[in-house]
Amino acid sequence: MKPVYIVTSKMLGQQRQLNHIADNVANANTSGFKRVEHDFGTIVSQKQGERVAAFSQDKGTHVDFTPGQLSPTNNPFDVAIIGDGFLGVEVDGDIHYTRNGSLNLDPEGNLVDPAGNFVVDNNNGQIQIPAGTQQVTIAKDGTVSNENGIIAQLGVFNFAPEDRNQLIRAGNTGYIAPDNIGPVPNENPTIVQGYVEQSNVSPVQETVNMTEMMRSYQSAARLVKSMEDLESRAIRTIAAQP
C-alpha cells in the first residue's frame with residue numbers, strides 16, 4: 001500500500017474540516033447558528049493478520065447544540081428559548097426547526113422568520129397578529145397575546161437526544177427531521193421575549209482550530225510532495241541503469 005494514499009486520505013478529511021471551520025466563523029454573528037464539527041475515525045488495513053496501513057475515515061458531521069448566549073433586542077417579536085426546544089417554521093409546505101428567534105411581521109401581520117417563512121403555533125398553524133394591535137406580549141410558555149387577549153401559542157418542539165443528532169441541516173439555522181423521527185411538543189417551554197440566542201461559535205477558538213488544521217494540512221502536503229519526489233528519482237535511477 002503506497003504511503004502517499006494514506007496521507008492523501010487524511011488530507012481529504014482535513015480539507016472538509018477546514019470548510020466546516022470556515023462556515024462556523026462566517027456564521028459567528030448569525031442568531032441561532034450552531035457550530036458544526038467533523039467526525040473522523042481510522043480504518044486499519046491488515047495483511048496476513050498484521051497492520052500495514054491506517055486510513056482516515058470520514059464519519060460525517062455532527063451539530064453542537066450547546067446553547068448560545070442571549071442578547072437583548074428592541075424588538076417585541078424576538079424570542080429566545082431557554083433549555084431544549086426549537087421553533088417551528090413553515091418552509092415550502094414543510095416544517096423546519098430552528099433556534100433563531102429573530103422574528104417580525106410580514107405585511108399581512110403574519111409572524112415570520114428573517115427569510116419570511118411563517119412561524120407556526122403548537123398545532124403547526126400560522127400565527128397572525130390582528131390589525132390595529134397596540135402591544136404584543138409573549139409569555140414564558142410561548143402564549144402570544146395583545147391587549148384584547150390570547151392570539152396563539154408559539155410552537156416549541158423537542159426531539160429525543162438520539163433523534164436530535166439525526167436532524168438534517170437546512171440553511172444556516174434550520175433543521176429538517178428525517179421521516180423516521182418526529183418532534184414532540186414541549187409542554188413546558190421557557191420563552192424570553194425581546195431576546196435572541198446568539199451563535200454558539202467562539203471566533204477565537206475557531207481561528208485557533210483553523211490555524212492548527214492548516215498547518216497540519218500543509219505538513220501533509222509537503223510530505224506527499226517529498227514522497228512523490230523520491231518515487232520520481234527512484235524511477236529515473238532505475239530507467240538509467242543499463
* I would like to know whether D78 and T73 meet side-chain hydrogen bond (donor to acceptor under 3.5 Å, both in side chains); could you show each step before the answer? => CA-CA 7 Å; D78 286 342; T73 70; 2.8 Å; yes
query: Do V201 and N27 come close enough that some side-chain heavy atom pair is under 4.5 Å?
result: no
Derivation of the side-chain contact (heavy atoms from CB on, under 4.5 Å) call for T98 and D113: CA-CA 10 Å; T98 181; D113 70 2; 5.8 Å; no
Is there side-chain contact between Y97 and P183, with at least one heavy-atom pair below 4.5 Å? yes
Exercise for review: Report yes or no: do F159 and V91 belong to one cluster of Ile/Leu/Val/Met/Phe/Trp/Tyr joined by side chain heavy-atom distances under 4.5 Å?
Suggested key: no
Residue set satisfying side-chain contact (heavy atoms from CB on, under 4.5 Å) with V208, at least two apart, ordered chain then number -> Q205, E212
When you compare the side chain of V63 with that of R169, does any pair of heavy atoms fall below 4.5 Å?
yes
Exercise. So do the side chains of P130 and I151 get within less than 4.5 Å of each other, counting heavy atoms only?
Worked result: yes
Shortest non-hydrogen pair, Q193 vs P76, comes out as NE2-O, 2.8 Å
Starting from V112, can I reach I138 by hopping between I/L/V/M/F/W/Y residues whose side chains sit under 4.5 Å apart?
no
message: Can you confirm whether N100 sits close enough to V89 that some side-chain heavy atom of one is under 4.5 Å from a side-chain heavy atom of the other?
response: no
So, the side chain of D121 versus the backbone of L154: is there a donor-acceptor pair under 3.5 Å, distance only? no
So CG of N122 and OG1 of T143: to nearest 0.5 Å the spacing works out to 8.5 Å
So the salt bridge (Lys or Arg N to Asp or Glu O under 4.0 Å) pairs with at least one residue in residues 26-35 (sequence neighbours excluded) are K34-E197, R35-E37, R35-D64, R35-E206
Exercise for the section: Evaluate the side-chain proximity of V136 to V144: yes if any heavy-atom separation is below 4.5 Å, no if none is. Expected result: yes
In this structure, CG of N146 is separated from CD1 of I129 (nearest 0.5 Å) by 7.0 Å
Output for pair (I82 CD1, Y195 OH), nearest 0.5 Å, gives 9.0 Å
Check whether any side-chain N or O of N186 sits under 3.5 Å from a backbone N or O of V156 as a donor-acceptor pair, and report yes or no. no
- prompt: Strictly under 6.0 Å, is that where the ring centroids of Y175 and F157 end up?
  reply: no
Problem set entry | Check: H96 and I176 side chains under 4.5 Å, non-hydrogen atoms | yes
